[in-house]
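In what follows, a single structure is set out as structure tokens and then discussed.
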4 protein chains.
Amino acid sequence: MAVNNKQEDILNAALKMFALRGYDGTTIPMIADEANVGAGTIYRYFENKQTLVNSLFQNSVRTFSDALRSDFPVEGDMRQKFAHIFRRMGEFAEQYTETLLFIDATAGSYYLDEKSNEMFQEFMSFIEHQLDIGKKEGKIRNMPSKAMISIVYGAFVQLFKVKCNGMLEATPELMKAVEESCWDAIRMH
Amino acid sequence: MAVNNKQEDILNAALKMFALRGYDGTTIPMIADEANVGAGTIYRYFENKQTLVNSLFQNSVRTFSDALRSDFPVEGDMRQKFAHIFRRMGEFAEQYTETLLFIDATAGSYYLDEKSNEMFQEFMSFIEHQLDIGKKEGKIRNMPSKAMISIVYGAFVQLFKVKCNGMLEATPELMKAVEESCWDAIRMH
Amino acid sequence: MAVNNKQEDILNAALKMFALRGYDGTTIPMIADEANVGAGTIYRYFENKQTLVNSLFQNSVRTFSDALRSDFPVEGDMRQKFAHIFRRMGEFAEQYTETLLFIDATAGSYYLDEKSNEMFQEFMSFIEHQLDIGKKEGKIRNMPSKAMISIVYGAFVQLFKVKCNGMLEATPELMKAVEESCWDAIRMH
Amino acid sequence: MAVNNKQEDILNAALKMFALRGYDGTTIPMIADEANVGAGTIYRYFENKQTLVNSLFQNSVRTFSDALRSDFPVEGDMRQKFAHIFRRMGEFAEQYTETLLFIDATAGSYYLDEKSNEMFQEFMSFIEHQLDIGKKEGKIRNMPSKAMISIVYGAFVQLFKVKCNGMLEATPELMKAVEESCWDAIRMH
DNA sequence: TATGAATGAGCCTTCATTCAT
DNA sequence: AATGAATGAAGGCTCATTCAT
């Protein structure tokens, strides 16, 4: 029994529908149906549709962020840090598929409020900071950290989308190889 | 004076709006305003909103495909082919920013028709085929071509999005470095 | 408080407007206004405008049919049966003026669905059957029953329309005389 | 070569479409298509759609009126006059089917202007006058002439509609019998 | 607290009408 | 004179939001 069952149900339903059809393509009745809840009930928990996406986005980013940050090998070397992030991303994608797709589809959208954007930035900063350390150590390339994040994150998410479309099987071997690929993309040569 | 000014205007306006707000977040009046055209006029050129996105998507994929395929170094080695594709992608992104963003946001969407999906697949096959050749030659990794495409394309598009958000300046030096990164991600080590 | 007030209100409003201005000349907002209901509310009770006319038509035919059939003098002679039908028609026209006008204006229209047409035919068959019996008994002319129905129904409805336009007063005496006229038009001479 | 070929074409097309789908169910493009004329051309001959129906209605009433009045047996007795009217009505219905259906569907509609209504009344007066004469002579019943017109006209038109629907074959014998029926409905017994 | 009926703004689309050619 | 492209008001319908129960 979570904080509130109905609210959870609504958030889960919204997550699923937003991931599937996007914000504007999802209606409140769709979410209510999926959550087995009356349409009016949604408005007891969220001021309006926009508040709902923003809540959801912030939750999602927090979850994602926590997944990558917990047990972070602060003392490890860059390769270990990279492995941690990459593997956690993989586990997260498996376990919270819709959350990842939702975050990716939603980040930067016109309906996000300031807090959502800030949270996302703050999360990015963490990764950026780690890469900055790696750069100082000469372990990874001398390239803007934002660029390296884009490369790794973009590659990973695209691969995951293709996998979700059923066009590719993401075996552990493949994921290992992709990790290597991405590491090769940013490590110092 | 182009073949048809109004139709062009509508397509350009739709491209811009769809890239900015997505299909469901864009209304016909928005497109009409942007195109400096009456809302009804759009229906002289396109049967309905869905026909319009599909037309636009097919045009866009064709343009993108042509950009990558023209002057393709069929006789060149894998590295040259990769360079061709990557640089053309970069030039395309600069020149047809909205087109690239639109294609990325739209591919795989529920409102695309069969023809749109086929055209996109056909284009992907071309790239896949090139990678398959490279694999046989032992120049690039032994990894599903679809995975390698995802890595390079995903990395590139993500970087481009970040650049569009103004969070990163895509200098020629950076693009050169990113090309190297992406090549490192797929080349045989 | 009827079974459902709003649905009744909508049906009554639609009946009035359709009788007054026809199907295509009546807009959903007109019906909503007349029913003192929001336009959207209509769609909670009827899938669309066409479903609404068809529901209304089927209701109307049922009411009309019931009015003519209840207490039908199955054992009576043809003159009694005719009197029953004619007088019931008269009472119905007085009580459900708009229903009669609506049925008359709507029967055979391109927007009626199969069920509506079937119901109307089925109702007609009943009258036809009674006339067939009368013909066998030699009480009424040897003329296609459909022709006799057309004569009596056509005469009656036209008279009623003229009365509704205020151009004629339909006194009980007149109605009695018209009944006689119509009977003379079909009885065996 | 009539007064103007295009105008004729438009009127004929409008007649056909209005008879088939009613005023509000008929669009200007439908009429233009049917008339093999540009939509704009219609506005060179008629101020707007309402002017067009009214013109058409007035033309139609005139044609109908002329058909019934020409060679009218002013000197004949009531039965001959009735026969004239009834047969001319029959011939008119055969030859100008759409015109009759259009007049019937249109008379009394909300979009007719004063002149249209007046013309229709004036035409009715003629028939009414003849019946009044017949009444004075004691040949037909002592019933409001408007009522008798309704009976005969209503019966006739209804029969004709049923025939047009293909549900009844209007043989000369039947028409003769119906004439007798209608005469029986109004003659003095 | 939870619901879902009710609402009306706004969406997609059509069509009467205009006007440049 | 004739056209048909262009327009925007208005129609059918949806859906975010409210509110009585």
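Computed over heavy atoms, backbone and side chain alike; hydrogens, waters and symmetry mates excluded. Every chain is numbered from 1 and lettered A, B, ... according to where its sequence line falls, protein lines coming before strand lines.
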message: Rounded to whole Å, how long is the line connecting atom OH of A/Tyr43 with atom P of E/dT3?
response: 15 Å
- line: Assign each of B/Asp24 and C/Lys6 the nucleotide of DNA chain E bearing its closest heavy atom; nearer the 5' end lies the nucleotide of C/Lys6
query: Between B/Thr63 and B/Asp66, does any side-chain donor sit less than 3.5 Å from a side-chain acceptor?
result: no
- prompt: If you pin C/Ala39 and B/Ile28 to their nearest nucleotides in DNA chain E, which one's is more 5'?
  reply: C/Ala39
- request: Send over the distance from D/Asn36 CG to F/dT3 P, rounded to a whole Å.
  value: 9 Å
query: Going by atom types only, do A/Ser116 and A/Asp113 share a side-chain donor-acceptor pair under 3.5 Å?
result: yes
message: Can you tell me the base-pairing partner of E/dT21? Count Watson-Crick or G-U wobble geometry only, both distances below 3.5 Å, and say none if there is no partner.
response: F/dA2
message: Pairing donors with acceptors under 3.5 angstrom, does anything connect the side chains of D/Tyr45 and D/Asp9?
response: no
- request: Name the pairing partner of F/dC13, where a pair is Watson-Crick or G-U wobble with both distances under 3.5 Å, or state none.
  value: E/dG10
- prompt: Does the pair A/Thr51 and A/Asn48 meet the rule for a side-chain hydrogen bond (donor to acceptor under 3.5 Å, both in side chains), with working shown?
  reply: CA-CA 5 Å; A/Thr51 310; A/Asn48 54 38; 2.8 Å; yes
message: Checking contacts here: which listed nucleotide (F/dA2, E/dT3, F/dT3) is nearest the side-chain heavy atoms of A/Arg44?
response: E/dT3
- request: Please report, rounded to the nearest Å, how far the C1' atom of F/dT17 is from the CG atom of A/Asn48.
  value: 9 Å
statement: Per atom distances to the D/Thr27 side chain, the nearest of E/dC15, E/dC11, E/dA6 is E/dC15
